[in-house]
Amino acid sequence: MDDFPPVEKNGCSHNKLSNTTAQSPADIGLDDLEQVLLDVARLYFCAYTDVKVPHWERALKHAVTHIKTKNAPTVAISLLNVLCAMRTTRRAMFHFNSPYCRDCSRKVTGSESNLMRAIHYIRRGQREAAEMEAFILCEGRDIKEFMLSIDQLAGWLPTAKTPSRMIMKSAFHAHAVH
């Protein structure tokens, strides 16, 4: 995210946290639009953790600049609705990487992966796979509102042209979802 201040002013903790299993957005199958959505989501997360910086405004600006549709502001607000629905269901801390750090922003945390995979699968018509990610993300709690918000977000997004070739990894096994 070259259009934001350097990490020194935004408190990256990548030297404090070691995530050896982190993957890149491409490794988990995100397309360009989904990468932008991840960036916007990270800015929203920053808004909850650092109220002194106008992360909300940066999130909207990033969406309008990088989502190539006239509905970009609506997409950004719909994504915020997804995050709010997740926050009302999930109890554990959501781990996210700083959008401001060149190194950290190139990796996806486990929490981010579940969130983005749910969106990824819905865009490709793979509801069962999306619900599985939602169930994990929401810690086995009711996913109805969360899935409804993802459906609403997907309604503003173009349908993905490529089928999913995402690799699903768990503590027990890894397999491709097609």
Side-chain angles (χ1 to χ4, degrees), residues 19 21-23 25 27-49 51 55-56 59-60 62-64 66-67 69-97 99 107-178:
N19 189 352
T21 61
Q23 297 175 302
D27 288 343
I28 67 164
L30 299 186
D31 64 21
D32 291 343
L33 175 58
E34 291 159 349
Q35 173 63 60
V36 171
L37 292 175
L38 175 59
D39 293 338
V40 173
R42 286 172 168 170
L43 288 165
Y44 283 139
F45 296 138
C46 287
Y48 288 110
T49 61
V51 297
H55 300 290
W56 301 103
L60 290 170
H62 191 74
V64 169
H66 297 283
I67 297 173
T69 173
K70 65 181 180 180
N71 296 323
T74 304
V75 170
I77 297 302
S78 294
L79 178 60
L80 180 58
N81 287 337
V82 169
L83 303 181
C84 289
M86 178 192 68
R87 288 184 75 224
T88 61
T89 305
R90 184 180 170 89
R91 299 293 180 253
M93 183 180 297
F94 186 95
H95 295 276
F96 68 96
N97 281 333
K107 299 294 182 185
V108 180
T109 69
S111 299
E112 291 172 332
S113 178
N114 293 131
L115 171 65
M116 295 312 300
R117 286 178 184 194
I119 294 168
H120 172 92
Y121 288 131
I122 284 295
R123 290 187 63 223
R124 288 158 180 81
Q126 296 175 287
R127 183 160 204 86
E128 187 174 299
E131 288 177 349
M132 182 187 72
E133 295 293 343
F135 190 73
I136 293 167
L137 185 66
C138 295
E139 303 167 325
R141 292 179 176 81
D142 186 3
I143 63 170
K144 182 180 175 186
E145 292 300 317
F146 179 70
M147 290 304 300
L148 177 62
S149 65
I150 288 181
D151 289 336
Q152 291 169 343
L153 170 64
W156 294 105
L157 301 173
T159 302
K161 295 179 180 141
T162 58
S164 179
R165 298 277 185 232
M166 191 172 282
I167 303 298
M168 307 241 349
K169 293 185 179 182
S170 73
F172 305 106
H173 65 282
H175 64 279
V177 175
H178 301 281

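Side chains are part of it too, since the values below use all heavy atoms of this structure and drop only hydrogens, waters and symmetry mates. As the structure is a prediction and not an experimental result, all values here were calculated from the model.
A donor-acceptor pair under 3.5 Å is formed between the side chain of R91 and the backbone N or O of T89. Although no hydrogens or angles enter the test, the distance criterion places no donor-acceptor pair under 3.5 Å between the side chain of Q35 and the main chain of P25. Formation of a donor-acceptor pair under 3.5 Å by the N81 side chain with backbone atoms of S149 is not found in this model. A donor-acceptor pair under 3.5 Å is absent between the side-chain atoms of R123 and the main chain of A154, judged by distance alone. One N or O on the side chain of E34 and one on the backbone of D31 form a donor-acceptor pair closer than 3.5 Å. Of the possible donor and acceptor atoms, one in the side chain of R90 sits under 3.5 Å from a partner among the backbone N and O of L137.
The neighbour count for D32 CG, taken as heavy atoms of other residues, nucleotides or ligands under 6.0 Å away, does not exceed 12. Dense packing is recorded around CZ of R127, with more than 12 heavy atoms of other residues, nucleotides or ligands lying under 6.0 Å away.
Atom NZ of K144 sits about 12.5 Å away from atom CD of E131, to the nearest 0.5 Å. Note: I67 CD1 to L79 CG = 8.0 Å, rounded to the nearest 0.5 Å. Here the CG-CG distance, from L83 to L115, works out to 6.0 Å after rounding to the nearest 0.5 Å. Interatomic distance, OG1 of T88 versus CZ of R141, reported as 10.5 Å (0.5 Å rounding). Here OG1 of T74 is found 11.0 Å from CG of L153. Values are rounded to the nearest 0.5 Å. In this structure, the separation between NE2 on H120 and CG on L38 is 13.5 Å, given to the nearest 0.5 Å.
Counting heavy atoms from C-beta on, the side chains of L60 and P73 never come closer than 4.5 Å. In this structure, T49 and H55 have side chains that are not in contact, with every pair of non-hydrogen atoms separated by 4.5 Å or more.
Shown are I150, I119, N114; of these, the side-chain contact (heavy atoms from CB on, under 4.5 Å) with E133 is made only by N114.
The two residues R42 and N97 have their closest heavy-atom pair at CD-O, 3.3 Å. A72 and A63 make their closest contact through CB-O, 3.6 Å (heavy atoms, listed as atom of the first residue, atom of the second, distance). Nearest heavy atoms, A160 versus R124: CB-CZ, 3.4 Å. Here the closest non-hydrogen pair linking A85 and F146 is CB-CA, 3.8 Å. The minimum heavy-atom distance linking F94 with E112 is given by the pair CZ-N, 3.7 Å. Between P99 and L43, the shortest heavy-atom contact is CG-CD2, 3.8 Å.
A search for side-chain hydrogen bond (donor to acceptor under 3.5 Å, both in side chains) contacts involving E145 returns nothing, not counting sequence neighbours. Here F135 pairs with nothing under the ring-ring contact (aromatic ring centres under 6.0 Å, His included) rule; sequence neighbours left out.
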- Task: Begin with the C-alpha distance, continue with both residues' side-chain angles, and end with the deciding distance and a verdict on side-chain contact (heavy atoms from CB on, under 4.5 Å) for Y121 and M132.
- Result: CA-CA 10 Å; Y121 288 131; M132 182 187 72; 5.7 Å; no
- Query: Are L157 and N71 close enough, and set up right, to give a side-chain contact (heavy atoms from CB on, under 4.5 Å), and what steps lead you there?
  - Reply: CA-CA 9 Å; L157 301 173; N71 296 323; over 6 Å; no
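Between W56 and Y44, the ring planes lie tilted relative to each other; the angle falls in the 30° to 60° range.
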